[in-house]
Asks: 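Below are the structure tokens for one structure; questions will follow.
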Amino acid sequence: MPELPEVEVVRSGLASMVVGTTIRKVGVHHERATRRNVGDLAVQLDGAVIESVCRRGKYMWLELDRPFVLMVHLGMSGQIRINDSPSGHPHVRVDWTVTRAGEPPRYFEFLDQRTFGGMQICDRDQDGLPVAVSRIARDPFDPLFDVDAFAEMLTKRSIEVKKGLLDQHLISGIGNIYADECLWRVGLDGRTPCNHLDRSTAVEIVTTVTGVMSEALVAGGTSFDALYVNVNGESGYFSRSLAVYGREGHPCDRCGDPIIRSKFMNRSSFHCSTCQPPWSLP
DNA sequence: AATTAGCCCTGATTGC
DNA sequence: TGCAATCAGGGCTAAT
């Protein structure tokens, strides 16, 4: 399940392989994958030159020699592969040829089993930012991300802290996995209301989640079910290092008590009930 | 503006 | 064996 580190691995890998190439022969093989512009994606992209690959949180986009960008979201199961020949894989949703003068053509493939991901032509707002991300908050790796401002804003919210970490309008890039890992490291119950946190605790939360994601980025991304593959088709391996996520019943690395699985926001959460004691009204 | 519920989707797994 | 229910879950939309 790609979160910020996995998307960044894809972004940097993709950038190293396709910047300066021309997009041709775009094929759309699944309507949902192109969202709003099903019909004309191929027409608009044909002949475009990729100038750079950018990212905010879990959103990634290709800057083109066009007024618009191509926004890409990997969703739950999206992958991008660059191959020397078409793979013929049944999950290929969009593909095109990658051409550069003096080089043999290669093949860009966007694969997505669960079709929660996709790509679309996206205009820019007044600041030049793609409109699809103009309301998405900066992520912690953004040079302009303001830790203190985020901490202050967070402590004013009434929502539970895990919900705050997952809200891409407050801070972007964090998903279910890194939220749980962060809360375990801090020793905090994810159901604690944000407005009951000290400012210093809020700062600790954001520095911790940044640390967890930095480690994952170094490791090359996390993979659980082999659905995530980076741009070269290699699986990540940081999942071996996870302390709580997916480890129901296993002993906590810190205290040895079993990891508890529970439902939160209609999805699974994992925590240690000893290291992360239940929050209650003071 | 803040918050919440429902929906989208398919392959692996589990249950009867 | 076969069919159905369950699960994975981020983000979009509508409703409050």
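Naming: A, B, ... by sequence-line order, numbering from 1 per chain. What's counted below: heavy atoms across the whole structure, side chains too, no hydrogens, waters or symmetry copies.
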Asks: How close or far is atom P of B/dA1 from atom CD1 of A/Ile159, stated in whole angstroms?
Replies: 16 Å
Asks: Output yes when at least one side-chain N/O atom of A/Lys58 is less than 4.0 Å from OP1 or OP2 of C/dG11, else no.
Replies: yes
Asks: Rounded to whole Å, how long is the line connecting atom CG of A/Leu170 with atom P of C/dG10?
Replies: 15 Å
Asks: Under a 4.0 Å threshold between the charged nitrogen and the carboxylate oxygen, would A/Asp253 count as salt-bridged to A/Arg247?
Replies: yes
Asks: Determine whether a donor-acceptor pair (one donor, one acceptor, N or O, separation below 3.5 Å) exists between the side chain of A/Arg267 and the base of C/dG10.
Replies: yes
Asks: Compare side-chain N and O positions of A/His73 against OP1 and OP2 of C/dG11 and report whether any pair is under 4.0 Å apart.
Replies: yes
Asks: Check the phosphate of B/dC9 against A/His30, side-chain N and O only, distance under 4.0 Å to OP1 or OP2. Yes or no?
Replies: no
Asks: Quick one: A/His169 NE2 to B/dT3 P, roughly how many Å, whole number?
Replies: 12 Å
Asks: Closer to the 5' end of DNA chain C via nearest nucleotide, is it A/Ser268 or A/Leu166?
Replies: A/Ser268
Asks: Answer yes when A/Lys25 and A/Asp95 have at least one side-chain N-carboxylate O distance shorter than 4.0 Å, and no when they do not.
Replies: no
Asks: Distance-only, no hydrogens or angles: does the A/Ser172 side chain make a donor-acceptor pair with backbone N or O of A/Ala137 under 3.5 Å?
Replies: yes
Asks: For residues A/Trp279 and A/His196, establish whether the separation of their ring centroids is below 6.0 Å.
Replies: yes
Asks: Quick check for you: among C/dG10, B/dT3, B/dT4, whose closest atom lies nearest to any side-chain atom of A/Ser158?
Replies: B/dT3
Asks: Take the protein atom CG of A/Leu74 and the nucleotide atom C1' of C/dG11, then report the distance between them rounded to whole Å.
Replies: 13 Å
Asks: Which listed nucleotide (B/dC8, B/dT10, C/dG10) is nearest to the side chain of A/Arg32?
Replies: B/dC8
Asks: Can you see whether A/Asn195 engages A/Ser158 through a side-chain donor-acceptor pair at a distance of less than 3.5 angstrom?
Replies: no
Asks: Roughly how many Å is it from CE in A/Met76 to P in B/dG11, rounded to a whole number?
Replies: 14 Å
Asks: Among B/dT4, B/dT3, C/dG10, which nucleotide sits nearest the side chain of A/Arg157?
Replies: B/dT3
Asks: I want to check one thing: is the phosphate of B/dG11, taken as OP1 and OP2, less than 4.0 Å away from some side-chain N or O of A/Arg114?
Replies: no
Asks: Check whether any side-chain N or O of A/Ser77 sits under 4.0 Å from OP1 or OP2 of B/dC9, and answer yes or no.
Replies: no
Asks: Separation of A/Met265 atom CE from C/dC7 atom P, in whole Å?
Replies: 18 Å
Asks: For A/Lys263, answer base if it contacts any base atom (sugar-phosphate contacts may also be present), sugar-phosphate if it contacts only those atoms, and nothing otherwise; contact means non-hydrogen atoms under 4.0 Å.
Replies: sugar-phosphate
Asks: To the nearest 10 degrees, how far apart in direction are the end axes of the helix from B/dA2-C/dT16 to B/dC16-C/dG2, each fit to five base pairs?
Replies: 50°
Asks: Does the side-chain ring of A/Phe116 sit on the six-membered ring of the C/dG11 base, less than 5.5 Å centre to centre and under 30° in tilt?
Replies: no
Asks: In plain terms, say whether A/Glu152 and A/Lys156 are close enough for a salt bridge, that is, a side-chain N and a carboxylate O under 4.0 Å apart.
Replies: yes
Asks: Take the protein atom NE2 of A/His89 and the nucleotide atom C1' of B/dT10, then report the distance between them rounded to whole Å.
Replies: 13 Å
Asks: From B/dT10, C/dC12, C/dG10, pick the nucleotide closest to the side chain of A/Tyr59?
Replies: C/dC12
Asks: Apply the side chain to side chain contact (heavy atoms under 4.5 Å, CB included) test between A/Thr99 and each candidate in A/Thr22, A/Thr21, A/Val49; give the one that qualifies.
Replies: A/Thr22
Asks: CD of A/Gln113 versus P of C/dG10: gap in Å, rounded?
Replies: 15 Å
Asks: May I ask you to say what A/Gln168 touches in the nucleic acid, namely base, sugar-phosphate or nothing, with a heavy-atom cut-off under 4.0 Å?
Replies: sugar-phosphate
Asks: Quick one: side-chain hydrogen bond (donor to acceptor under 3.5 Å, both in side chains) partners of A/Asp142, sequence neighbours excluded?
Replies: A/Arg138
